[in-house]
Structures are given as C-alpha cells and as structure tokens.
Amino acid sequence: MIINVLESELIVGQCDNQMQLINLPYTEGLNFNLQLPNGTQLVSGMRSDLSAKCKLTRIIELLSKLPITDASAWGPYQHNPVFWLLPNLAPEMLTQWVNALHQAFPHCFEHPNGRIFPMGSASLPIAFDAAKTMGSRVDSIVFIAVDSLYFDMPELYRTGQLINADIDEGIRPSEAAIMTKVQVSTEEKTSLGLHVTDVFQDAATQVQLTQSIKRLFTQLTEQDESSLLKQLYFPGDNQSTQDSWLNAYEQLAGKIDQDTQITQTNYYTGNIGAAAGLYNLLHVFNRYKEQALSGVSVQLEVSEQRYLGLLRYEWLGCSGESNG
C-alpha cells in the first residue's frame, strides 16, 4: 500500500504551529511548564483553555480546534471515510464516546466506510490493516487521532512518575488532536510516496510484553532478510515499554548497524497517547519527503492496554523504485 499525506492539522499541547510541530526537534521546543494551584511546578504540555470537567468533554473541546466543527468546514472531506484513532476504551465507554462524538460532529460519520479504532497509539497500524482490505473502493481516508493525559496526572504525580523539582526522569503528559487526509493506492509500480510494506500486530499483558515485541521483530526480520533498517521510531518516555523493546532488541541483530537511528518522538511532543501513532507517521513521511531520510524505517507502537503494532516503510520514487 502506498500512502501520500495530502494535508494535515496538528495540535500538540499548547502549540498549533504546523511547521514547528512537524519538524521537531529541529524547531523551537514545546512549552512543558505547568504550575499547579498549590504552586508545584511540573513538566506537562497541557492546555489552559480546555475543560477540566471530564475527559470526554475535554476531548471534544480539543477536537473542536480542528476544521471539523460544522458541515461547512467539513465540506472538502465529506466524500472520505473517517478513521478515528482513540484511546483504549472499554466497550461501554466506547459507546458513550461514539455517541458524544456523533452528536458533536455528525457530518464526520456520514461515510459508510468510516471506522473507530480504540486501541491507543496502536490504532494506526490496525487502521492500516483495515485500509488495505478496502482496496480500490477508497482512494483517500481522513484520519483523526485524539487523546489527553490530563486526567491521568494525579495518579502519575502520586506514583512519582511526573518530572518535577525532585524527579528529573519520568513521563511528560500532554494532549493532541491530529487530522490528516491520506491518499491510498495499491498500484505500487506507478505510485510515488510512502510504501507501507508490512503491518504486524499483537496483544500482550505487561508480563508478556517483551515476548510479544520479540515476536513482532522476528516476523519483521523473517519477512525481509536483506534490507538494513535505517530508522526505528520506537516509544520513549514510558520506562516499562522502553525496557521491553530494549530486551527484545537482539531480535533485530543483522538488520541494524552503527548508522541505524532510533527516534523517540515522545521526548519532544510529550506523551500524547492515542495520537502518537499518527504523529509518528506524519513525522517520518515529512522527513522522507524532505529527503532527510532514506532506506527502510520501522515504527513500533505499544498502547496503554498493550496492543502492539509494527509498520515497515520505504519511500518510492519514479517507477516504484526505492530511494535507498
């Protein structure tokens, strides 16, 4: 499957500057200064103009900053299915969220091929699998990803996982809403763009996480034994997840070398939950397009509820040739 990003709108934390966000960390860093009412200083990317009532209300207010607020703004996208990439939600909570989103943005639910993916950051690779099954019936898809860790902060603070004056390592909780229109093609020999060559999925408990990532890495190496991996987009500031992929890293022996780069976007966007997968896709697409990357890239996503997805990319130039 070949994809091309046609247009995007990004809001990450307090920033909505598109060029700044898509070119991190080579642009001005985001503001992670947050002062609690009791004077405590924390490292967090939360906005000050959103509801503190409940997560769903906050999410809808965050989404309302995208061009989806009314049918007129939505006009250019009305003929495209929408793939919603949402936080991990239990069935009863998912029903509540879908009803609320439908009520707030009814025009975004009109296309019959729209889908909901409530698997956190792993929603993106799972959504790509669904897109592949649509084949030529759909030539472009609108992805909308959203999440906020605002209501996770009290527990993160209580358990000592937030960076503050006394703790210099931890999670940088943030929030994001991202919308992008992606052209999708299965005609590899005549298409230009980002070639999604492989999509692998798994699920695991915390105890099984390292083994599940090992299985994904093994599948990746068995699928293509020749190409070196030039870029690895891997999760960053969740220590448990990072430890798991580090413990599985040996499975990539022979596929990496001293020039392989590891990119962990969490460190400069903050932890944006379900929006991380789509942000990583846009980041890697932009870097290929700007010729800052070449060769094969891999994106690993691990959600809060331990859904896992692994994507393998190559950039295609003329006549389906890879640029590296």
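Numbers for residues simply follow the sequence, beginning at 1.
In this structure a side-chain-to-backbone donor-acceptor pair under 3.5 Å is missing from K132 to M1. When atom types are taken as modelled, the side chain of W245 and the backbone of P235 share a donor-acceptor pair closer than 3.5 angstrom. Side-chain N or O atoms of N4 include one that pairs as donor or acceptor with a backbone N or O of L192 at under 3.5 Å. Side-chain atoms of H111 come within 3.5 Å of backbone N or O of N113 as a donor-acceptor pair. Between the side chain of N286 and the backbone N or O of L282 there is no donor-acceptor pair closer than 3.5 Å. For the pair T269 (side chain) and T265 (backbone), a donor-acceptor distance under 3.5 Å is present. Within the 3.5 Å criterion, the main-chain N or O of G295 finds a donor-acceptor partner in the side chain of Y288. For Q18 (side chain) and L10 (main-chain N/O), a donor-acceptor pair under 3.5 Å exists by modelled atom type. A donor-acceptor contact shorter than 3.5 Å links the side chain of N17 to the backbone of Q20.
In summary, the side chains of Q231 and S297 do present a donor paired with an acceptor at a separation below 3.5 Å, with no hydrogens or angles considered. Side-chain contact check for S8 and T180: at least one donor-acceptor pair (N or O, by modelled atom type) lies under 3.5 Å. Using modelled atom types, one finds a donor on one side chain and an acceptor on the other under 3.5 Å when comparing R215 with S212. Side-chain contact of D243 with Q239: a donor-acceptor pair under 3.5 Å is present, judged by distance alone. For the residue pair E314 / T197, no side-chain donor-acceptor distance below 3.5 Å is found, with atom types taken as modelled. For D129 and Q201, the side-chain atoms include at least one donor-acceptor pair closer than 3.5 Å. Side-chain polar atoms of E7 and Y77 form a donor-acceptor pair below 3.5 angstrom.
Between D16 and K65 there is no salt bridge, since no side-chain N of the basic residue sits under 4.0 Å from a carboxylate O of the acidic one. Between D147 and R58 there is no salt bridge, since no side-chain nitrogen of the basic residue lies less than 4.0 Å from a carboxylate oxygen of the acidic one. A salt bridge links E155 with R158; the closest basic N to acidic carboxylate O contact falls under 4.0 Å.
Taken from CG in L156 to CG in L42, the straight-line distance is 10.0 Å, to the nearest 0.5 Å. A distance of 9.5 Å separates CD in Q96 from CG in L89, rounded to the nearest 0.5 Å. Of the inter-residue distances, the one linking I272 atom CD1 with S174 atom OG reads 7.0 Å to the nearest 0.5 angstrom. Residue I68 holds its CD1 atom at 4.5 Å from SG of C108, rounded to the nearest 0.5 Å.
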### Task
Could you walk me through whether D198 and F200 pass the side chain to side chain contact (heavy atoms under 4.5 Å, CB included) test, one step at a time?
CA-CA 7 Å; D198 295 295; F200 305 105; 3.5 Å; yes
### Task
Would you sort out whether Q183 and S140 count as a side chain to side chain donor-acceptor pair (under 3.5 Å), showing the intermediate values?
CA-CA 4 Å; Q183 183 184 55; S140 58; over 6 Å; no
#### Entry: Worked verdict on Y150 versus L50 for side chain to side chain contact (heavy atoms under 4.5 Å, CB included)
CA-CA 10 Å; Y150 180 86; L50 299 176; over 6 Å; no
### Query
Under the side chain to side chain contact (heavy atoms under 4.5 Å, CB included) criterion, do V284 and L293 qualify, and how do the steps go?
CA-CA 8 Å; V284 72; L293 295 185; 3.7 Å; yes
### Task
Given side chain to side chain contact (heavy atoms under 4.5 Å, CB included), test I11 with L66 step by step and report yes or no.
CA-CA 8 Å; I11 299 166; L66 298 175; 4.1 Å; yes
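Looking only at side-chain heavy atoms (C-beta outward), L316 and L194 stay at 4.5 Å or farther from each other. Residues L229 and L220 are in side-chain contact: their nearest non-hydrogen atoms beyond the backbone lie under 4.5 Å apart. The shortest distance between side-chain heavy atoms of L311 and V196 falls below 4.5 Å. Two residues are said to be in side-chain contact when any heavy atoms from C-beta on lie closer than 4.5 Å; L86 and M119 fail this criterion. Side-chain contact between W84 and V98: absent, with no pair of heavy atoms (C-beta onward) separated by less than 4.5 Å. Side chains of I59 and S148 form a contact here, defined as non-hydrogen atoms less than 4.5 Å apart. Side-chain contact check for W74 versus V142: some heavy-atom pair is nearer than 4.5 Å. Within the 4.5 Å cutoff, the side chain of V296 has heavy atoms near those of the R312 side chain.
Shown here is Y157, whose OH atom has no more than 12 heavy atoms of other residues, nucleotides or ligands within 6.0 Å. For Q41, the CD atom sits in a packed shell: over 12 heavy atoms of surrounding residues, nucleotides or ligands are nearer than 6.0 Å.
Every residue two or more places apart in sequence or in another chain that forms a side-chain contact (heavy atoms from CB on, under 4.5 Å) with A127 is listed here: F83, L85, F117, F143. Residues satisfying the ring-ring contact (aromatic ring centres under 6.0 Å, His included) test with H102, not counting sequence neighbours, are F109.
Summarising the geometry of L149 relative to P173, their closest heavy-atom pair is CB-CB, 3.9 Å, with the distance given to 0.1 Å. Closest of all the heavy-atom pairs between C54 and T57 is SG-OG1, 3.1 Å. In terms of heavy atoms, A276 sits closest to S121 at CB-CB, 4.1 Å. Taking each heavy atom of R115 and A130 in turn, the nearest pair found is NH1-CB, 3.7 Å.
The cluster map of Ile, Leu, Val, Met, Phe, Trp and Tyr, joined by side-chain heavy atoms under 4.5 Å apart, puts V146 and L94 in the same cluster. Note: the hydrophobic cluster containing L63 does not contain L21 (ILVMFWY, side chain heavy atoms under 4.5 Å, direct or indirect links). Residues Y313 and I141 fall within the same hydrophobic cluster, defined by Ile, Leu, Val, Met, Phe, Trp and Tyr side chains chained together at heavy-atom separations under 4.5 Å. Follow the hydrophobic side-chain contacts under 4.5 Å out from I144 and you never reach V184; the two are in separate clusters.
The aromatic rings of H107 and F105 sit perpendicular, their planes meeting at an angle over 60°, well past the 30° parallel limit.
Among Q264, E301, Q261, H283, the single residue meeting the side chain to side chain donor-acceptor pair (under 3.5 Å) criterion with Y233 is H283. Tested against S44 for a side chain to side chain contact (heavy atoms under 4.5 Å, CB included), the candidates M153, R172, E175 yield a single pass: M153.
For Y279 and F285, the ring centers sit 6.0 Å or farther from each other.
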